[in-house]
K.L.:
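Attaching a single structure in structure tokens format; questions to follow.
Note that the numbering runs from 1 along the sequence shown for the chain. One-based numbering, in listed order, for ligands and for the atoms of each.
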Amino acid sequence: MFKKILIANRGEIAIRIIRACKDLGIETVAVYSDIDANSLHIRFADQSVCIGPASPTRSYLSIPAIISAAELTGVDAIHPGYGFLAENSRFAEICEGNGFKFIGPSSSAMKSMGDKILAKQSMLSAGIPVVPGNHEKIENIPKAKKIAQSIGYPVIIKAALGGGGKGMRIVNNDNQLERVFPIAKEEARVSFRDGSLYIEKYLEKPRHIEVQIIADDYNSCISLGERDCSIQRRHQKLIEESPSPIVTPTMRKKIENYAKKAAQTIDYTSVGTVEFLLDKTGNFYFMEMNTRIQVEHPVTEAITGIDIVKEQIKIASGKPLSIKQKDVHLKGHAIECRINAEDPENDFKPSPGKIEHLYIPGGPGIRVDTHIYGEYIIPSSYDSLIAKVIAYADTREQAIQCMERALDEFLIEGIKTTIPFHKRIISDPRFKKGKIDTSFIQNL
Ligand code: ADP
């Protein structure tokens, strides 16, 4: 087992990983940018190294700075968390090249899924249904039009190396396509240094259903059920739950098999998530695979009792999976609300600043993963996620009640947060009935 791990991240996920390390008896090294000097992840880690100024490109995204910190502190392994360098296969290669185990999949498995066009092609050849589309790069507008017409409008234009909803545009007709194509291309080029785009059918009011898998180096791959992440704003997840209110045991078996097949097709090891869209007629389509730990992993931990981060670290150290598929039992219901420092009454404008007063909810069934504390100053340089509230109970109805209690207790003064918005969503009768799809918030 590793003796010391460097966590190449910040915020709640850095703390989550430090906790897993402590439970495994592993020492930790935190890295931070100068604006994060008062962050909790530094206090919880055994050692810490400042890796640069606030700008992510010069700190949390700076591969030389992170590798130097790893050398300086003599760690065995590097955990990338999510975001930043987590899905950067070059970073994984550089870690390994410098003698640090990258806690994640092999760089070749990452590459197979990093380019979404290649990923879709390989999934199709493995017999997994993918969203109807062209599955190849589209160079120009005439070609784009031809493809869109053959698929049938509405279509969605996506960036081949996409993520975080960037470079994505829904298009309803030829005129709109002409206008939007160059914009999406430029956005993809700026965000991913590659303007390659592809087109797929835009499914109307689908649900986003994803499967958590864990695979080790010894050909064992298990699935831990699904998460329903249909409550989204601008294609970004806000609320996730497990199990999905719509997925039956037969449907679960089907997508779990697809997800395991997807992982095995690319010789995947580590934890990963295979994302699907479920259309109104009950068809699942592969969308992408996230080759890292995800924000919403705690809902799966709640219903399976499995510590996914600990498993991820153990597998990276060369240990076999400690759980067999037959030992995975889904019990109860869990819901997660992502609390952001944003103003829901002002078009979700970021609301950084000082937290004047704070009370974090607790009690039976509540878990809060957060890095904020009283008088903490939320910087404007990073993602606005400040806390995740996870409610767990025997039934969905009880989990919603438990979440309502926690959101009522949660007191954050000094900044605006999305707590009131979450309260609106979970008290909505349609949400309570489980009647959700990715357009839920538009119609709230
Ligand atoms: P990213 O990697 O940028 O987050 P994804 O491909 O994971 O993008 O898609 C994010 C969200 O966008 C999905 O959860 C879904 O709500 C929406 N979406 C993506 N593709 C489609 C599609 N073909 N039809 C309808 N909605 C889609």
K.L.:
Looking at Arg207 and Asp279, is there a salt bridge between them, counting it only when a charged N and a carboxylate O are closer than 4.0 Å?
P.N.:
no
K.L.:
With a 4.5 Å cut-off on side-chain heavy atoms, are Ile386 and Asn340 touching?
P.N.:
no
K.L.:
Does the structure place the NZ or CZ of Arg424 under 6.0 Å from the centre of the six-membered ring of Phe440, at an angle of no more than 45° from the ring's axis?
P.N.:
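Judged by the rule (NZ or CZ under 6.0 Å from the ring centre, within 45° of its axis), Arg424 is not positioned above Phe440.
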K.L.:
Considering only the protein, which heavy-atom contact is closest to atom 3 (O) of ligand 1, and what is its distance?
P.N.:
Gly165 N, 2.5 Å
K.L.:
So Gln149 and Asp174, side chain to side chain donor-acceptor pair (under 3.5 Å) or not? Walk me through it.
P.N.:
CA-CA 8 Å; Gln149 285 160 2; Asp174 279 358; 2.7 Å; yes
K.L.:
Looking only at protein heavy atoms, which one is nearest to atom 2 (O) of ligand 1, and how far off is it?
P.N.:
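Checking every protein heavy atom, the shortest distance to atom 2 (O) of ligand 1 gives Lys116 NZ, 2.7 Å.
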K.L.:
For ligand 1, which atoms have a heavy atom of Glu275 less than 4.0 angstrom away?
P.N.:
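The list of qualifying atoms is 7 (O).
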K.L.:
Has Lys237 got any heavy atom lying under 4.0 angstrom from an atom of ligand 1?
P.N.:
no
K.L.:
Give the single entry among Phe276, Tyr202, Tyr285 that approaches atom 25 (C) of ligand 1 most closely by any heavy atom.
P.N.:
Tyr202
K.L.:
Is there any salt bridge (Lys or Arg N to Asp or Glu O under 4.0 Å) pair reaching into residues 297-307, and which pairs are they, with sequence neighbours excluded?
P.N.:
Arg16-Glu301, Arg16-Asp307, Glu301-Arg367
K.L.:
Among Gln212, Arg227, Glu336, find the one that has a side-chain hydrogen bond (donor to acceptor under 3.5 Å, both in side chains) with Thr300.
P.N.:
Arg227
K.L.:
Take Gln294 and Thr273, measure what side chain to side chain donor-acceptor pair (under 3.5 Å) needs, and give me the verdict at the end.
P.N.:
CA-CA 8 Å; Gln294 280 192 292; Thr273 300; 2.5 Å; yes
K.L.:
For atom 22 (C) of ligand 1, which candidate among Asn290, Leu277, Leu161 holds the nearest heavy atom?
P.N.:
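Among Asn290, Leu277, Leu161, the closest heavy atom to atom 22 (C) of ligand 1 comes from Leu277.
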K.L.:
Taking atom 16 (O) of ligand 1 as the point of reference, which of Gln232, His208, Gln236, His235 owns the nearest heavy atom?
P.N.:
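Closest candidate by heavy-atom distance is Gln232.
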K.L.:
Under 4.0 Å, heavy-atom basis, I'd like to know which part of Ile156 is in contact with ligand 1: side chain, backbone, both or neither.
P.N.:
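The side chain, only.
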K.L.:
Write down the atom of Ile5, the atom of Cys21, and the distance for their closest heavy-atom approach.
P.N.:
CD1-SG, 3.9 Å
K.L.:
Assess Lys158 for proximity to ligand 1: is some non-hydrogen atom of it under 4.0 Å away?
P.N.:
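Contact present.
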K.L.:
Check ligand 1 against Thr438 and write out every atom of the ligand that is under 4.0 Å from a heavy-atom position of the residue.
P.N.:
16 (O)
K.L.:
Out of Met289, Glu288, Glu210, indicate the one that has the non-hydrogen atom closest to atom 7 (O) of ligand 1.
P.N.:
Glu288
K.L.:
If we set the cut-off at 4.0 Å for heavy atoms, which region of Met168 has an atom near ligand 1: side chain, backbone, both, or neither?
P.N.:
side chain
K.L.:
Quick test: of every protein heavy atom, which one is nearest to atom 24 (N) of ligand 1, and how far off is it to 0.1 Å?
P.N.:
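Ranking protein heavy atoms by distance from atom 24 (N) of ligand 1, first comes Leu203 N, 2.9 Å.
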K.L.:
Count the heavy atoms of every other residue, nucleotide or ligand shown that sit under 6.0 Å from CG of Asn219, and state whether that count exceeds 12.
P.N.:
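No, CG of Asn219 has 12 or fewer neighbouring heavy atoms, counting only those of other groups under 6.0 Å.
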K.L.:
Return the residue, atom name and 0.1 Å-rounded distance of the protein heavy atom closest to atom 9 (O) of ligand 1.
P.N.:
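In this structure, atom 9 (O) of ligand 1 has Met287 SD, 3.8 Å as its nearest protein heavy atom.
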K.L.:
Only heavy atoms of Val131, strictly under 4.0 Å: list the atoms of ligand 1 that pass.
P.N.:
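The atoms of ligand 1 under 4.0 Å from a heavy atom of Val131 are 23 (N).
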K.L.:
With a 4.5 Å heavy-atom cut-off, do Leu40 and Tyr376 have their side chains touching?
P.N.:
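They are not in side-chain contact.
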